[in-house]
Amino acid sequence: MVRIKIDDMDLGQIAKSGQCFRMEELEQGIWSVTAGTQYIEAVKEGEEFLFSCEEEEFKRVWFHYFDLEGDYCGYKKQVPEEDSYLREAIRCGWGVRILRQDLWEMLVTFLISQNNNIPRIKGSVRELCNRFGEEKKGRGLKMSSAGMWEEVTRSFKTFPAPDSIASAGLPGLSDLGLGYRDKYILHMAQCCSGPDGEKWMSDLKKADYENAHATLLTQYGIGKKVADCVCLFGLHHVGAFPVDTHVKQIITTYYPNGFPLNRYEGYAGILQQYMFYHKINRLAAE
DNA sequence: TACCAGGTCGCTG
DNA sequence: CAGCGACCTGGT
């Protein structure tokens with residue numbers, strides 16, 4: 001187990017921030033995180049977080065995954081007092097961070113996200129993993145009768161590999177609640193399969209934001225918004241600023257003269273997350 | 001019952 | 001190039 005103090009992070013908020021669709025609360029504050037082919041559980045205890053892995057794995061995988069090198073306090077400070085809307089959004093979603101998620105997983109989940117709602121996206125992703133994912137053993141957390149945290153074995157499903165979806169074909173993608181998005185996902189799976197697919201993705205990871213965005217736009221089913229989500233969540237180009245129906249509404253309501261993107265050059269995507277979180281959770285939170 | 005959801009495609013002017 | 005209807009489907 002790893003015990004570490006982390007500021008500006010709340011797992012419940014991250015789970016409800018619409019960037020990941022497989023994070024869930026098991027019981028009494030135990031969060032399960034399934035990321036690609038990896039699994040971990042975490043709880044918060046006072047000022048510290050407890051993670052169900054060894055120090056080595058935490059440093060190699062999870063430190064990076066939770067973007068613990070990111071200075072969120074610094075980002076927040078850039079927002080001026082006068083912007084009372086964004087100040088309030090940050091106060092509401094103070095613990096949201098941009099996870100460094102798997103590129104392939106982001107391609108698929110944000111293809112699913114288009115013109116869709118979050119509960120249904122989660123259902124489709126879950127069924128996709130159940131059908132095509134690999135069953136693996138991971139480590140979880142459990143409170144012992146003595147009131148001590150201990151590690152337990154937990155089985156989970158990995159996010160399916162491109163070739164397993166590609167070989168399933170369109171018929172294999174039925175009954176997952178994907179609707180018309182099934183064909184986009186099949187195309188994407190074919191694009192990302194095999195050695196060529198590996199290269200396509202690794203080149204994408206090396207590209208800067210402009211080039212990555214342009215490359216993504218050439219893909220069937222990926223438009224401006226999904227491309228920005230993939231850039232932000234799958235490639236960690238935090239300058240990407242996805243504009244969806246919610247953000248559009250926020251801008252018309254609070255920024256009639258346009259959102260000041262210039263002010264937040266290179267990290268506007270971080271602020272977009274606070275805005276989005278506030279928009280979809282403000283009612284439930286009160 | 002209609003409308004909406006982390007939009008994009010394909011067609012028209 | 002801009003505008004606009006169609007589109008799967010579950011939730012409210």
Side-chain angles (χ1 to χ4, degrees), chain A residues 13-24 86 89 92-93 96-128 130-131 165 168-191 212-255 259 261 268-285:
Chain A
Q13 290 177 21
I14 292 174
K16 288 188 289 181
S17 71
Q19 62 176 303
C20 57
F21 303 97
R22 299 193 71 193
M23 203 169 147
E24 55 178 332
L86 202 39
C92 170
V96 173
R97 307 176 78 91
I98 310 280
L99 302 176
R100 291 182 184 254
Q101 300 186 77
D102 177 69
L103 172 59
W104 158 244
E105 186 172 341
M106 292 304 96
L107 287 164
V108 176
T109 57
F110 280 94
L111 276 173
I112 296 173
S113 79
Q114 65 173 261
N115 196 27
N116 208 342
N117 57 62
I118 291 177
R120 192 155 79 104
I121 298 164
K122 283 182 177 168
S124 289
V125 172
R126 183 172 52 246
E127 291 310 308
L128 195 67
N130 283 340
R131 186 174 297 184
I165 291 181
L170 273 188
L173 291 174
S174 59
D175 303 320
L176 298 171
L178 297 172
Y180 61 83
R181 306 162 193 82
D182 56 357
K183 55 187 182 288
Y184 303 151
I185 290 159
L186 181 59
H187 264 261
M188 204 67 247
Q190 289 163 345
C191 171
H213 193 267
T215 301
L216 287 165
L217 277 183
T218 67
Q219 290 300 311
Y220 185 43
I222 298 187
K224 194 169 153 48
K225 189 272 175 179
V226 171
D228 271 325
C229 285
V230 173
C231 283
L232 181 55
F233 304 125
L235 297 166
H236 207 75
H237 293 308
V238 293
F241 188 83
V243 178
D244 72 314
T245 154
H246 294 297
V247 174
K248 226 171 260 174
Q249 288 172 38
I250 292 167
I251 291 174
T252 42
T253 307
Y254 299 100
Y255 303 95
F259 185 74
L261 276 176
I270 308 270
L271 303 169
Q272 188 270 10
Q273 270 308 98
Y274 295 125
M275 295 160 71
F276 185 83
Y277 177 86
H278 174 72
K279 174 75 161 58
I280 64 170
N281 294 296
R282 79 201 127 84
L283 293 174

Where A:I112 and A:S124 come nearest, the two heavy atoms and their spacing:
CG2-CB, 4.0 Å

Between C:dG11 and B:dT8 - C1' atom distance, rounded Å:
22 Å

Can you check the A:I280 CD1 to B:dA5 C1' distance for me, whole Å?
11 Å

Stepwise side-chain contact (heavy atoms from CB on, under 4.5 Å) check, A:M188 with A:Q219:
CA-CA 7 Å; A:M188 204 67 247; A:Q219 290 300 311; 3.9 Å; yes

Assign A:P242 to base, sugar-phosphate, or nothing according to its heavy-atom contacts below 4.0 angstrom with the strands shown.
base

NA contact type, A:Q273, heavy-atom cut-off 4.0 Å: base, sugar-phosphate, or nothing?
base

Phosphate oxygens OP1/OP2 of B:dA5: is one of them under 4.0 Å from a side-chain N or O of A:Q249?
yes

Base, sugar-phosphate, or nothing for A:I222, non-hydrogen atoms under 4.0 angstrom?
sugar-phosphate

So, A:S17 and A:Q13: side-chain donor and acceptor under 3.5 Å apart, yes or no?
no

When we call it a touch if two heavy atoms are under 4.0 Å apart, what does A:G221 touch: a base, just sugar-phosphate, or nothing?
sugar-phosphate

Pairwise 5' ranking along DNA chain B for A:Y184 and A:D244, keeping only the more 5' one
A:D244

The nucleotide from B:dT8, C:dC8, C:dG10 with an atom nearest the side chain of A:K225 is B:dT8

Please confirm whether any donor atom in the side chain of A:R120 sits under 3.5 Å from an acceptor in the base of B:dC4, or the reverse.
no

Considering every strand and a 4.0 Å limit on heavy-atom distances, what is the contact class for A:F233: base, sugar-phosphate, or nothing?
base

Find the distance A:I250:CD1 to B:dA5:C1' and express it as a whole number of Å.
15 Å

Could you tell me whether A:K224 atom NZ has more than 12 heavy atoms of other residues or ligands within 6.0 Å of it?
no

Is any side-chain heavy atom of A:Q19 less than 4.5 Å from a side-chain heavy atom of A:V96?
yes

Starting at NZ of A:K183 and ending at C1' of C:dC7, how long is that distance when rounded to a whole Å?
8 Å

Could you state the CG-P distance from A:N117 to C:dC8, rounded to the nearest angstrom?
17 Å

To the nearest angstrom, the CD1-P distance between A:I185 and B:dG7 comes to 14 Å

At 4.0 Å (heavy atoms only), tell me whether A:G223 reaches a base, stays on the sugar-phosphate, or touches nothing.
sugar-phosphate

Let me know the distance between CD1 of A:I118 and C1' of C:dT12, rounded to the nearest Å.
15 Å

Among B:dT8, C:dC8, B:dA5, which nucleotide has an atom closest to any side-chain atom of A:Y180?
C:dC8

Rounded distance in Å - CG (A:L178) to P (C:dC8)
12 Å

Check: A:F110 ring centre within less than 6.0 Å of A:Y184 ring centre
no

Could you let me know what C:dC1 is paired to, Watson-Crick or G-U wobble, both distances under 3.5 Å, or none if it's on its own?
B:dG13

Rounding to an integer number of Å, can you tell me how far A:L217 CG sits from B:dC9 C1'?
13 Å

If you look at every strand shown and take non-hydrogen atoms under 4.0 Å, does A:S124 touch a base, only sugar-phosphate, or nothing?
nothing

Nucleotide nearest A:Y220 (side chain, heavy atoms from C-beta), chosen from C:dC8, B:dC9, B:dG7:
B:dC9

